Amino acid sequence: MKRREELSFRERMYLPEVIKGLAVTNYRFFRNLILHGLHAIGLAKQTRAAVTTQYPEELKYYPDNYRGSHRLTLKEDGAVRCTACFLCATACPANCIYIEAGEHPDPQVEKFPLRYEIDTLRCIYCGLCVEACPCDAIRMDTYTHPKIWGYSRIDFVETKEVLMKRSKVLAARGRNALIEDMVADYKAAENAPLEPLD
Ligand code: SF4
Ligand code: SF4
């Protein structure tokens with residue numbers, strides 16, 4: 001963005017820039033309106049109009065290095081791999097990881113997380129928690145978004161159980177299963193009667 005003293009006289013008048021912005025918006029709007037109208041009657045099919053992805057019903061392809069929702073990885077016996085070392089929480093710039101450490105019953109393992117929570121409303125999906133983890137206990141290779149609906153902040157906090165379940169689903173049913181489950185939950189929530197707020 002330019003500083004005010006770097007703006008030309010024309011830019012400092014603002015009105016020409018406002019008109020320019022409106023012209024672009026209107027051009028796009030009417031172009032798409034006309035093209036979609038023509039497509040509906042079978043004409044101009046070779047000219048593509050802008051299309052909005054109807055997420056989450058309509059899925060997009062995500063590249064392999066896409067940073068999706070978090071998951072806590074598991075040991076072979078299904079236990080959480082995390083040792084509650086707090087390095088991820090320390091590295092997190094959004095301060096959105098909450099860990100409560102507990103003594104592990106196995107004397108070979110020092111600690112494990114009694115609670116591990118990520119507040120997805122604060123998370124900026126930077127991946128620093130994944131980078132910081134010394135034992136590959138947290139990953140963002142789920143190819144799915146966090147939950148996108150809810151009526152209170154707590155609905156957007158992902159618990160240890162949610163984060164572990166992602167790893168189980170991924171291992172059992174593959175890459176698309178998590179997003180399929182999320183869409184199913186979303187549709188169920190959409191059709192559920194609204195409960196009055198407290
Ligand atoms: S992705 Fe970034 S902001 Fe989100 S929990 Fe990890 S470190 Fe924090
Ligand atoms: S996820 Fe990794 S960095 Fe975070 S507490 Fe567990 S072991 Fe430590």
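Owing to the predicted nature of the structure, the values given are computational and were not obtained by experimental measurement. Atoms within a ligand are numbered from 1 in the order they appear, just like the ligands themselves.
- Linking ILVMFWY residues whenever their side-chain heavy atoms come closer than 4.5 Å, directly or via other members, places Phe86 and Leu163 in the same cluster.
- Atom NZ of Lys165 is surrounded by 12 or fewer heavy atoms from other residues, nucleotides or ligands within 6.0 Å.
- Excluding waters, the set of protein N, O or S atoms lying under 2.8 Å from atom 8 (Fe) of ligand 2 comprises Cys85 SG.
- Of the charged side-chain nitrogens involved, none lies within less than 4.0 Å of a carboxylate oxygen, so that Lys187 and Glu190 do not count as a salt-bridged pair.
- Within the 3.5 Å criterion, the main-chain N or O of Val51 finds no donor-acceptor partner in the side chain of His36.
- By the neighbour-count criterion of 12 heavy atoms within 6.0 Å, atom CD of Glu110 is sparsely surrounded, having that number or fewer from other residues, nucleotides or ligands.
- Between Tyr143 and Tyr66, the angle of the ring planes stays under 30°, which puts this pair in the parallel group of the 30/60° scheme.
- For a distance threshold of 2.8 Å, the protein N, O or S atoms nearer than that to atom 4 (Fe) of ligand 1, listed by chain and number, are Cys123 SG.
- A salt bridge links Asp141 with Arg71: the distance from a Lys NZ or Arg NE/NH1/NH2 to an Asp or Glu carboxylate oxygen falls below 4.0 Å.
- Between the side chains of Tyr62 and His145, a donor-acceptor pair is found at a separation under 3.5 Å.
- Closest approach of Ala84 and Pro113 over heavy atoms only: CB-N, 3.8 Å.
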